[in-house]
Each structure stands twice: as C-alpha cells, then as structure tokens.
Amino acid sequence: MKMERLERTAVEAQLTELSGWVLNDAGSSISKTFKFANFVEAFGFMTQAALAAEKLNHHPEWFNVYSRVDVTLNTHDAGGLTELDFKLAKAMEKAAARGVV
Ligand SMILES: C[C@H](O)[C@H](O)[C@H]1CNC2=NC(N)=NC(=O)C2=N1
C-alpha cells in the first residue's frame with residue numbers, strides 16, 4: 001500500500017486522537033511507553049499488536065523489558081509518518097486497553 005507522508009499539521013491533528021504518544025523532534029516518528037502489570041500482560045499486548053501489524057503490513061519498532069513496552073512508529077518507506085502509523089497506534093491502544101496499569 002503506497003502511503004503519503006503526512007505534513008506536520010496533519011500529524012498534530014492525528015495526535016489529538018491519541019493519548020500518551022510523543023512526536024520526536026524531527027517530526028518523523030511517534031513513541032509511547034506502555035506499562036503492564038507483569039510480563040505476561042506485556043507479552044499478550046505484543047502478541048495482539050503483532051497480529052494487527054501483520055494485517056496492516058505495518059510493523060513497530062519496539063523494546064520490551066518485563067512489564068514495559070517502548071514503541072516507536074514510523075513509515076520507513078515514506079521517510080516519516082503516514083496514516084498507517086496512526087492506524088497501528090490506534091490498534092495498539094485497543095490491544096492495551098485491557099492490560100495497562
Ligand atoms: C515490503 C513491505 O511491504 C514494506 O517494507 C513494509 C513492511 N512494513 C513496514 N513497516 C513500517 N513501519 N514501515 C514501512 O515502511 C513498512 N513497509
């Protein structure tokens with residue numbers, strides 16, 4: 001799926017629909033740290049998010065230690081943020097909704 005890079009104003013508009021996601025200084029990625037009760041909850045979230053990512057053919061950069069998952073999203077093919085990053089961010093919010101502390 002060919003995606004157009006979003007302009008800064010469009011990115012900021014999209015961010016208002018999310019909570020806890022931070023734009024990097026270059027405006028090229030968004031990040032969030034998810035905290036869970038324990039490793040099983042964190043890994044459950046990652047499993048659901050991975051399935052959503054595969055469906056979208058859009059994949060996260062992430063780092064997990066025990067109950068914490070640091071996520072960064074961007075579209076490397078477009079050199080910045082696209083609609084797909086926000087679709088995946090929203091899918092991650094849904095996946096996390098049950099397990100977040
Ligand atoms: C060939 C394949 O469809 C592409 O490389 C996809 C796969 N997943 C991807 N994930 C992310 N985050 N950005 C991309 O540009 C991207 N491109």
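The figures here come from the full heavy-atom set of this structure, side chains too, leaving out hydrogens, waters and symmetry mates. One-based numbering, in listed order, for ligands and for the atoms of each.
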Side-chain donor-acceptor contact under 3.5 Å, T33 with D70: yes

Residue pair S29 / T72, side-chain donor-acceptor N/O under 3.5 Å: no

Under 4.0 Å from ligand 1, counting heavy atoms only: the protein residues, by chain and number: N57, H58, H59, N74, T75, H76, D77

Distance-only check: which donor-acceptor pairs under 3.5 Å involve side-chain atoms of residues 11-20, not counting sequence neighbours?
unit_1 : atom_1 : unit_2 : atom_2 : d
E12    : OE2    : R8     : NE     : 3.2
T16    : OG1    : A13    : O      : 2.6
E17    : OE1    : K90    : NZ     : 2.7

Residues in ring-ring contact (aromatic ring centres under 6.0 Å, His included) contact with F63, at least two apart in sequence or another chain: none

E93 vs K32 side-chain heavy atoms within contact, under 4.5 Å: yes

Residues which pass side chain to side chain contact (heavy atoms under 4.5 Å, CB included) with T75, listed by chain and number, not counting sequence neighbours: H58, D77, A78, T82, D85

